[in-house]
Asker: 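Please find one structure pasted underneath; my questions will follow.
Here is how names work: the chains are called A, B, and so on, in the same order as the sequence lines, proteins then strands, and each is numbered from 1. Both backbone and side-chain heavy atoms feed into the values below; hydrogens, waters and symmetry mates do not.
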Amino acid sequence: MNDKNEHPSVNDGDLESLSADEEKLLDELGLFGAARRQFLGQTLASGLGIFALQLLAKEKALAAMTSPDAVLAQNAASGDAIQVTMRINGSTQILTVDPRTVLLDALRERLGLTGTKKGCDQGQCGACTVIVDGRRVLSCLTLLASCEGKEVTTIEGLANGAGLHPMQAAFIKHDAFQCGYCTPGQICSAVALLREAEAGEASYVTRNLRTITKDLELSDEEIRERMSGNLCRCGAYPGIVAAIREVQSGRQTAQAWHFATQEEIAAVMNDKLLREGRSDETV
Amino acid sequence: MRPFKYARATSEAEAVQLVSATPTAKFLAGGTNLLDLMKEDVERPTQIVDLTRLSHLAQIRPTLNGISIGALATNAQVANHPLVRQNYPLLSRAILAGASAQIRNMATVGGNLMQRTRCPYFYDTAMPCNKREPGSGCAAFHGLNRMHAIFGYSDKCIATYPGDMANALYALDATVKIRGANGQERTIPIRDFHRLPGDTPEQDNNLQHGELIVAVELAKNDFAKHSYYLKVRDRASYAFALVAVAAALALEGDRIKQARVVLGGVAHKPWRSTEAEDALVGKEATEANFRAAAEAAMKEAKPLAHNAYKVELGKRAIVLALQRAMDETI
Amino acid sequence: MARYIGKEMSRVEGIAKVTGRAKYAAEFRVPNLAYGFIVSSSIAKGTIKSIDTREAERAPGVIRVFTHLNAPKFRNDPQDRSFRALQSDRIYFNMQPVALVVAETYEQARYASRLVKVDYNAEKHQTDTEALLASARDPSHGRGTRVRGNPEVALREAPVKVEAEYRIPIEHHNPMEPHAAIAFWEGDRLTIFDKTQGVYEVRRHLASSFGIPEEDVTVISPFVGGAFGSALRPNYYPTLTAMAARELKRPVKIVYTRTQMFAGHGYRPYTIQRVALGADRSGKLTAIIHEAVHNTSSFEEFDDNTTGFARQVYACPNLRASLKIVSTDLHTPTWMRAPGAVSGMFALESAMDELAYALKIDPLQLRLINYAETDPESGKPWSSKALRECYLLGAKKFGWEKRKFEPRSMRDGEWLIGWGMATGVWGAFQAPAAARITLRADGTAHVVSATSDIGPGTYTAMTIIAAEFLGLKPEQIKFELGDTRFPRAPLEGGSMTTASVGSAVHGAAMAIVARLLDLANRNEDSPLKGAAASDVELLDGRLQLKSDPSRYVDAFDLMKRHNLNEITETFEARPSREREDYAMLAHGAQFVEVKVHSELGIVRVTRIVEVTACGRIVNPKTAHSQEIGGVVWGIGMALQEATEVDHRYGRIVNPNLQHYHVPVNADVLEVETIFVEEDDKIVNPLGVKGMGELGMVGIPAAIANAVFHATGKRIRELPITPDKLL
């Protein structure tokens, strides 16, 4: 992958032309200095308008109808409430919760980290995938209490203040999503997968398990198998595979669509064999 | 999910003591099955004893005679451990056939052995199920039973054990090491670990309440070169088996010295087919002999209304698994 | 030459989605929120004898338990017979809501829901469509039976005929996002965040249910995590959420569990079809009989138009196409991606393949022989139809000429290879839609319409269209949707959004141009004097004469001169009258390679070529994704998906994603798309037809045909699971 192409530089003139709204938004995203420049570069490279960012601000406007701080005034948990201390996206969180709380609900309902999605709540879809201590897990089946002292990374923490994570950028480039609901889980899963491949971990389709190789370059078949724990009902799988392949090995995908040209159409319309078909006898 | 008290065990002894003291207490390891069933109100523990801090139970280490796998080692750790991949590739592949990468990062060896059936009637508290509610009846028996058992079931329960890992452990003659309520350790040969349903389908296995699986041990064997785990399912990945086969062969010259054929998805426990194994031992590894073994394995199968296909599919899967076990490039 | 239309563009909302910042219905933060959890019935039919909520009410954190005994009644709306929860003691279907527990936390509500005890007077139910065929009836309104020529006689006299029955099980949409709503009231004004394919439809439904003016209801739905039809009709949870919020005087959130997704909205109905085809020996169709029966609920009629497209696909003088329904004690079915079409075409296109084999004619050739040059149903000309091009381009790309006709004649080691094809067809619908554009003197534009983006890329498509016709760059456009404070748009369904809302955006842009021209020509010296609105265009801030771009006015200077910071135009686009003189369809041809394991019966779809003729393509990048989506849905329908009902209990036994299989990543291999653009000036000003459904329509049949080619087994009952191929 050519980094220069992926992250074209943005000159200061472009930055100065940002509106106050856009400035504010980038501030909220925690993007400053070089990170901001890189982010904007990616934004332009992927054909996105800065206005697109304003979708992100929509919630702010809606939330303004009500007072947001009350959200955190939690209701009394049951008598057996427990306290859990953990790191989420690099910052320490101390939560007092009902022991029945799973990590997924704590993220979404307590911490407002709604990037982690609830798709089935029973370990059957992968939408809630987050990275705990470096490994991808399902937050719907993780009791928050068992996360004491752990390091949790969610989609909100992937970019780590430095613009988009390359996987996020690749997902946009390859249109690896439609509705976007499974996307954070897919991306977390894909990012953790990179480390699994680095460590030489195997999958069901790996041939000859007895030979262990580090730094695997994953075939499409391997990527597909390893990503099969993340359902995408829109069916964006080929884009997901292309995005991971690009980030994992730099291999590019041939474009799988084209507009039929006039010449192409004329050629087939004049193709006698095609037009007149063939019966059994001609085979 | 019902309210429960949560305790984080700091030692094996404490864990065992806490669970033993409360008949409705449960150990928690990966949680991938227990939490799901708690949300469905199928499991209703009042006390959860979290084992995940007992890091010594997650160790995988060589022993004089093989390998010891701590009960809290995750599926992913076991499948990728160099000793397992080199000496017990059947176990690696069986684990990798199961669930998804995320779940394999969570699920543990001990927990996986404790996995409960995926019978849909067991999961739905609005339906009768003897396993969930003894005496309520088996809705599956005359219901939709395409996924159910063809061996060893009773009129009380036709559920199957859903896991993959255990099928390989049966083939590899694993031993399950257990710490009991009185603090003593005992071992159970894997073949005696799970139960057939009989009249007590609520009991999946022969553990007593409060007993904790601490390790699974595997002896050295001659199967590493010729083994394969074949899983047939309705989609390419992330689905339970219609039929699975753990196949392993040890050869002496061109004769089969030892054979293992264990079927998954066909019974209330991993179904070791000594009939198939007996048919193979002393024979050459030929397709005809594999077919004869497959026929022998399925001879006693008693399919239900919707799962007769498992008999033929099982035969074909056995032959194919044995063939792949012989193919060293796979 | 278009600057943006037809060029690939990444999704404008992409960053929001990949960073997790896109907010779906359940994710808006509202203070003092209470959590609702639905309690579902355990019987399929009968009445509630008693319901004991005392233990649930005593559980920690519980605020209230609503049942039919204490829930307020909704207004009766004769126009809207959709199921509403907690209105009586009657049970119409299994897993029907019988109570709503509202508590301070989600965990508390979920737990207390288990403490509600319900006693029923169960009545004998029937959920099995097969057992009800004797009671099949015509839908009371809608399509019923359509006959042309004399199909029975023609079939009897046909030298070659095939006849077979096909079955499709109940299927559920299973979007990744469960349906959810958050509702709160300010006095008598209701605001609701909802997962919906149409905010105005939800608004109408809520206003009528509560007997309040529509203006007092605001529905907000900026992101929808997939829907595929499941959020078209009003489902019961928005009224339930709003009711609880009103009664408790605080915001309430309800999210379906995955299990509730199987009875919380409709589904693709259980469908039995009979197709009989007659042909002469050259392959020319002489008779098509296509009959379908599917289920509906006991309280509502749904008809899926299963046999509708059979009338228009092939030239055939004699045809009978009928649809009947039976009432089951299940929830009402609804539209599910490519509704009717994919079911009907599975049967018809399977039967065409059977006919090809009966005739020993190549399946593609059979389609070409029966190509409909005009609409066989109405006799009208097509507004455009490049299906022949699709067939031939697809065949070429796929390598169809290398196909051996005989089944089981192609092999790759353990795998039997099968090649199959089918025709895809969908409408070119357009519904009235409005959009509003505010052009600002700073060179940016704000475009809004209350449409939805359930995934096809509406945000991006509308941004492209606005940029094209306002002559601005896409990054200067901000498009918003999913809010009843925006101009009305139709439901996002039927693949008509780009045609409908796109035409509105186009029209609003044209209105902006006209307004600017009017401003310009107030000046006596205007270089555009005498020009009509249709003679000028906006391009990079210049209002210029199309025929002579050197004659122009700087649009933004013009606005400033008139002290206008912005100008706003709203436009409602309606289908043109001209459309009535034509038949309009979108078409496609789909070629599929499967590999079937010779021993295990496992089917892998290894290669698909999708060729699509649906007018003009606005954004090929997202359009290709739509085609892939159609393929994945086709794979699911053909090979995996079935909602299983245990008819003894009238209860779904696989209401979850562990047993209801949808395709995983490893199920999807190569998908290639060819777009054959049609220059169609009739359908709408943009020349676009529907494509979201189209890409799916032929796939299940093409897969089943390929499976036949691979194995010699004709599977007429979906899904084609390994056990059926042993």
Asker: Considering only heavy atoms, which portion of Ser625(C) lies under 4.5 Å from any heavy atom of chain A: side chain, backbone, both, or neither?
Answerer: both

Asker: Compute whether any side-chain donor of one residue and acceptor of the other, for Arg245(A) and Thr253(A), lie under 3.5 angstrom apart.
Answerer: yes

Asker: Please determine, among Ala395(C), Gly225(C), Pro620(C), the option with the most heavy-atom pairs under 4.5 Å with chain A.
Answerer: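 Highest number of pairs under 4.5 Å: Pro620(C).
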
Asker: Name the member of Tyr256(C), Tyr111(C), Tyr391(C) that forms the most heavy-atom pairs with chain A at distances under 4.5 Å.
Answerer: Tyr111(C)

Asker: Between Thr460(C) and Asn619(C), is there a side-chain donor-acceptor contact under 3.5 Å, judged purely by atom types and distance?
Answerer: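 No - no donor-acceptor pair under 3.5 Å links their side chains.
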
Asker: Thinking salt bridges, do Glu27(C) and Lys118(A) make one under a 4.0 Å N-O criterion?
Answerer: no

Asker: Contact part of Thr622(C) toward chain A, heavy-atom cut-off under 4.5 Å: side chain, backbone, both or neither?
Answerer: both

Asker: Answer yes if the side chains of Thr612(C) and Glu627(C) hold a donor-acceptor pair under 3.5 Å, and no otherwise.
Answerer: yes

Asker: Answer with side chain, backbone, both or neither: which region of Leu393(C) has an atom nearer than 4.5 Å to a non-hydrogen atom of chain A?
Answerer: both

Asker: Which atoms of Pro456(C) are under 4.5 Å from chain A, going by heavy atoms: the side chain, the backbone, both sets, or neither?
Answerer: backbone

Asker: Between chain C and each of Ala176(A), Cys120(A), Cys232(A), count heavy-atom pairs under 4.5 Å; write down the option with the most.
Answerer: Cys120(A)

Asker: Return the set of residues passing salt bridge (Lys or Arg N to Asp or Glu O under 4.0 Å) with Glu225(A) (not counting sequence neighbours), or none when no residue passes.
Answerer: none

Asker: Would you sort out whether Tyr35(C) and Glu107(C) count as a side-chain hydrogen bond (donor to acceptor under 3.5 Å, both in side chains), showing the intermediate values?
Answerer: CA-CA 9 Å; Tyr35(C) 292 81; Glu107(C) 290 77 14; over 6 Å; no

Asker: Quick one: what part of Val632(C) sits under 4.5 Å from any heavy atom of chain A, side chain, backbone, both or neither?
Answerer: side chain

Asker: Below 4.5 Å from any heavy atom of chain C, which atoms of Ile187(A) appear? Answer side chain, backbone, both or neither.
Answerer: side chain

Asker: Considering only heavy atoms, which portion of Asn656(C) lies under 4.5 Å from any heavy atom of chain A: side chain, backbone, both, or neither?
Answerer: both

Asker: Could you look at Lys473(C) and say if it's the side chain, the backbone, both or neither that has a heavy atom under 4.5 Å from chain A?
Answerer: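 For Lys473(C), neither part sits under 4.5 Å from chain A.
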
Asker: Under a 4.5 Å cutoff for heavy-atom pairs, which residue among Ala386(C), Pro178(C), Gly6(C) has the most contacts with chain A?
Answerer: Pro178(C)

Asker: Between the side chains of Thr154(A) and Glu156(A), does any donor sit under 3.5 Å from an acceptor?
Answerer: yes

Asker: What class does the angle between the rings of Phe479(C) and Tyr459(C) fall in, given that below 30° is parallel, 30 to 60° is tilted and above 60° is perpendicular?
Answerer: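 Perpendicular, since the angle between the ring planes exceeds 60°.
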
Asker: Using non-hydrogen atoms and a 4.5 Å limit, figure out which bit of Pro663(C) sits close to chain A: side chain, backbone, both or neither.
Answerer: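 Both backbone and side chain.
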
Asker: Of all residues at least two apart in sequence or in a different chain, which pass the ring-ring contact (aromatic ring centres under 6.0 Å, His included) check with Phe228(C)?
Answerer: Trp633(C)

Asker: When heavy-atom pairs shorter than 4.5 Å are enumerated against chain A, which of His173(C), Lys397(C), Glu610(C), Arg337(C) gives the highest number?
Answerer: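 Sorted descending by pairs with chain A, the first entry is His173(C).
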
Asker: Please classify the contact between Val224(C) and chain A as side chain, backbone, both or neither, with a heavy-atom cut-off of under 4.5 Å.
Answerer: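 Backbone only.
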
Asker: Relative to chain A, which segment of Tyr660(C) carries a heavy atom at a distance below 4.5 Å: side chain, backbone, both, or neither?
Answerer: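 Interface part for Tyr660(C): side chain.
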
Asker: Counting only heavy atoms closer than 4.5 Å, note whether Leu669(C) contacts chain A via side chain, backbone, both or neither.
Answerer: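 Both parts, backbone and side chain.
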
Asker: Which one, Met176(C), Glu8(C), Arg258(C), Glu672(C), leads in non-hydrogen pairs under 4.5 Å with chain A?
Answerer: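 Most pairs with chain A among the choices: Met176(C).
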
Asker: Hey, are Gln124(A) and His659(C) close enough side-chain-wise for a donor-acceptor pair under 3.5 Å?
Answerer: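 No, no side-chain donor-acceptor pair sits under 3.5 Å.
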
